[in-house]
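One structure is given here, and the rest of the page talks about it.
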Amino acid sequence: MLEVEVFCFAASYTVTLILEATRLFFRASIRTIVAIGFAAAGLLAHTLYLVSEARGAIGSAGEQPLSSWHHWCLLAAWVLVAAYLAMAFARPRNPLGLFILPLVLLLI
């Protein structure tokens with residue numbers, strides 16, 4: 001299976017945050033599309049990482065899948081990114097990423 005590292009989705013979310021920050025200085029409709037694309041790619045990598053971690057824990061004896069604080073923080077970050085994407089589609093002109101994405105990066 002694909003090896004996905006935390007860096008993969010953290011970098012995608014960082015690029016999305018930078019694109020959201022540039023929203024304060026100039027308006028460009030393509031930026032919103034690119035930001036949503038990076039966030040979606042990050043969410044896909046994030047999902048693959050969590051599935052890989054869960055499968056690895058199931059394979060090892062005596063360990064529960066996604067049972068550490070690290071994994072719970074990653075799950076919380078995943079939920080926040082999914083909520084960000086839903087809100088970005090519903091209201092693309094609101095700069096919600098400026099508030100949600102720093103929290104996501106801290107949780108990661």
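Position 1 is the first residue of the sequence; numbering continues from there. Keep in mind that the numbers below use all heavy atoms, side chains included, and drop hydrogens, waters and symmetry copies.
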Between [X] and [Y], which heavy-atom pair has the shortest distance, and what is it?
{"X": "Gly97", "Y": "Glu20", "value": "N-OE1, 3.9 Å"}
{"X": "Ala77", "Y": "Ile108", "value": "CB-CG1, 4.1 Å"}
{"X": "Ile36", "Y": "Leu85", "value": "O-CD2, 3.9 Å"}
{"X": "Leu96", "Y": "Met87", "value": "CD1-CB, 3.4 Å"}
{"X": "Ala76", "Y": "Leu107", "value": "CB-CD1, 3.9 Å"}

Any donor and acceptor pair, going by atom type alone, linking the side chain of [X] with main-chain N or O of [Y] inside 3.5 Å?
{"X": "Arg23", "Y": "Ala28", "answer": "no"}
{"X": "Tyr13", "Y": "Gly42", "answer": "yes"}
{"X": "Thr47", "Y": "Leu43", "answer": "yes"}

What distance do [X] atom [atom1] and [Y] atom [atom2] have between them, rounded to the nearest 0.5 Å?
{"X": "Thr14", "Y": "Leu19", "atom1": "OG1", "atom2": "CG", "value": "11.0 Å"}
{"X": "Ser52", "Y": "Glu5", "atom1": "OG", "atom2": "CD", "value": "9.0 Å"}
{"X": "Leu80", "Y": "Leu75", "atom1": "CG", "atom2": "CG", "value": "11.0 Å"}
{"X": "Leu17", "Y": "Thr22", "atom1": "CG", "atom2": "OG1", "value": "10.0 Å"}
{"X": "Leu101", "Y": "Ile18", "atom1": "CG", "atom2": "CD1", "value": "11.0 Å"}

Spell out, yes or no, whether [X] and [Y] are grouped together once hydrophobic residues are joined by side-chain heavy atoms under 4.5 Å, including indirect joins.
{"X": "Tyr49", "Y": "Leu44", "answer": "yes"}
{"X": "Phe38", "Y": "Ile30", "answer": "yes"}
{"X": "Trp72", "Y": "Val81", "answer": "yes"}
{"X": "Phe9", "Y": "Val15", "answer": "no"}
{"X": "Val79", "Y": "Leu50", "answer": "yes"}

Task: Within-4.5 Å side-chain heavy-atom neighbours: Val6 and His46 - done: no

- [ ] Indicate yes or no: at least one non-hydrogen side-chain atom of Pro95 is less than 4.5 angstrom from one of Leu98.
- [x] yes

